[in-house]
Amino acid sequence: MPELPEVETVARGLAQRVAGDIINSVWIGRKPEPLKSPARKIAALLEGSRIANVRRVGKHIVVDLEEDGQKPRGQWIVHLGMTGNLVLTSPDQQVPKHTHLIAQLASGRELRFVDPRRFGRLSVHRAESAFKAPGSEPLDVDFESFARLFRGRKTPIKSALLNQRLLSGVGNIYADEALFRAGVRPRRRAAKVTREELRRLYEALRKVLSEAIAAGGSSISNYVDADGEEGLFQFDHRVYGREGEPCLSCRSPIKRVVIAGRSAHYCAHCQR
DNA sequence: AGGTTGACCTGGACGC
DNA sequence: TGCGTCCAGGTCAACC
């Protein structure tokens, strides 16, 4: 579920509420799938740490941890996968099914990682080897660097947008939405997209992502933010999930095709 | 080397 | 109600 705007929303919400709090103890479920680091390493780094900050890198939530004297201690990295969420609750809230980790905070609250499909991943990094995402942040990268990412790539432009080693944080919804707004068909070979089209794509992607962040994430389903509240938001999907419905510009039906195993939505009339 | 496919999971929506 | 099928916002390893 969560792409860049959703992860940003969760991270911001948590940063506001838990920065400065201390993790007293950690419970980790028995199913090992969501853990990239061993459970005892995760627990060891988290327990006794103060949460300095919570932020987003690509689709990852980075929890910066520090010692008492503000000395950096390491990072707790949370990837939400398709269905994961990191929720701040009071301990008397019922623990939902598929809760894989609970961090008890000194303030008396709990930070819980819940993920039914278990595609999410948890890991820890020591302070010496800080986490780094391989791709460029779409909201930070300049146009020349953005354009360079696609040079010589025969893969469909849609697949290139989703490639996290190129761009960090773009997922299926916002890739489709950006391509629609730029007027570029998802199956076009990345290398063949003209400079002018890339310029439109660059602007469209930034616009779509920042609008979605401003709206607090996507409206597509039961997405909830760090408080466990439904995102109020209404970000308009113009193509995603609108197969067969009329294009909002030209009324021709939105098409859905599969590209590299992911569904892609576009308007055959407006996108070339 | 670089691109595409299946596997990994659970659950909700839909058709019969 | 129940069962089967399809679909899902992500990412890898394995394949060509």
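A note on names: the letters A, B, ... follow the listed sequences, proteins ahead of strands, and every chain is numbered from 1.
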Distance, rounded to the nearest Å, where Lys36(A) contributes NZ and dG10(C) contributes P: 16 Å

Enumerate all atom pairs, one protein N or O and one N or O from nucleotides 3-6 of chain C, separated by less than 3.5 Å.
none

Gap between atoms CZ and C1', on Arg262(A) and dA8(C) respectively (whole Å): 9 Å

Distance test, side-chain N/O of Lys97(A) to OP1/OP2 of dG11(B), below 4.0 Å: yes

Contact under 4.0 Å: Ser263(A) side-chain N or O vs dA8(C) OP1/OP2: yes

Non-neighbouring partners of Arg199(A) that pass salt bridge (charged side-chain N to carboxylate O under 4.0 Å, His left out), sequence neighbours left out: Glu203(A)

Set of residues satisfying salt bridge (charged side-chain N to carboxylate O under 4.0 Å, His left out) with respect to Lys192(A), sequence neighbours excluded: none

Donor-acceptor contact present, side-chain Tyr240(A) to main-chain Ala175(A), <3.5 Å: no

Selection: residues 143-166 of chain A, any non-hydrogen atom under 4.0 Å of DNA chain C: Gln164(A)

Pairwise P distance, dA1(B) and dT11(C) [rounded to whole Å]: 24 Å

Between dG10(C) (C1') and Ile61(A) (CD1): distance, integer Å: 14 Å

Whole angstrom value for the distance that separates C1' of dG10(C) from CG of Leu80(A): 11 Å

Side-chain donor/acceptor of Glu137(A) to backbone N/O of Gly58(A), under 3.5 Å: yes

Ring geometry between Phe113(A) and His100(A) (parallel below 30°, tilted from 30 to 60°, perpendicular above 60°): tilted

Which protein N or O atoms sit under 3.5 Å from an N or O of nucleotides 14-16 of chain C?
none

Output a table of nitrogen or oxygen pairs between the protein and nucleotides 5-9 of chain B separated by less than 3.5 Å.
| unit_1 | atom_1 | unit_2 | atom_2 | d |
| --- | --- | --- | --- | --- |
| dC9(B) | O3' | Arg118(A) | NH2 | 2.8 |
| dC9(B) | O2 | Arg117(A) | NE | 2.6 |
| dC9(B) | N3 | Arg117(A) | NH2 | 3.3 |

Geometric class of the His237(A)/Tyr174(A) ring pair [parallel <30°, tilted 30-60°, perpendicular >60°]: tilted

Spacing of Arg181(A) atom CZ and Gln271(A) atom CD [to the nearest 0.5 Å]: 10.5 Å

Salt bridge (charged side-chain N to carboxylate O under 4.0 Å, His left out) partner of Arg56(A), chosen from Glu6(A), Glu3(A), Glu8(A): Glu8(A)

Salt bridge (charged side-chain N to carboxylate O under 4.0 Å, His left out) partners of Glu47(A), counting only residues at least two apart: none

Residue-phosphate contact under 4.0 Å: His79(A) side-chain N/O, dG10(C) OP1/OP2: no

By side chain to side chain contact (heavy atoms under 4.5 Å, CB included) - contacts of Pro96(A) (at least two apart): Thr99(A), Arg112(A), Val114(A)

Of residues 181-189 of chain A, the positions that come close to DNA chain B - non-hydrogen atoms, cut-off under 4.0 Å: none

For atom CZ of Arg121(A) and atom P of dC12(C), their distance in whole Å: 9 Å

Listed partners of Arg55(A) passing salt bridge (charged side-chain N to carboxylate O under 4.0 Å, His left out), at least two apart: Asp64(A)

Rounded distance [0.5 Å steps], CG in Asn172(A) versus CG in Leu162(A): 5.5 Å

Pairing pattern in dot-bracket form [Watson-Crick, G-U; both distances under 3.5 Å; | = partner strand] for DNA chain C: .|||||||.|||||||

Under 3.5 Å side-chain donor-acceptor pair for Arg109(A) and Ser107(A): yes

Ion pair Glu144(A)/Arg148(A), N-O distance below 4.0 Å: no

Spacing of Leu179(A) atom CG and Leu161(A) atom CG [to the nearest 0.5 Å]: 5.0 Å

side-chain hydrogen bond (donor to acceptor under 3.5 Å, both in side chains) involving Ser168(A) - partner list, sequence neighbours excluded: none

Backbone of Gly135(A) reached by a side-chain donor or acceptor of Gln164(A) within 3.5 Å: no

d(CD, Glu243(A); P, dC14(B)) in whole Å: 14 Å

Ser159(A) side-chain N/O to Thr155(A) backbone N/O, donor-acceptor pair under 3.5 Å: no

Integer angstrom distance from the P of dC3(C) to that of dC9(B): 24 Å

Exercise: do His265(A) and Asp176(A) side chains pair donor with acceptor under 3.5 Å: yes

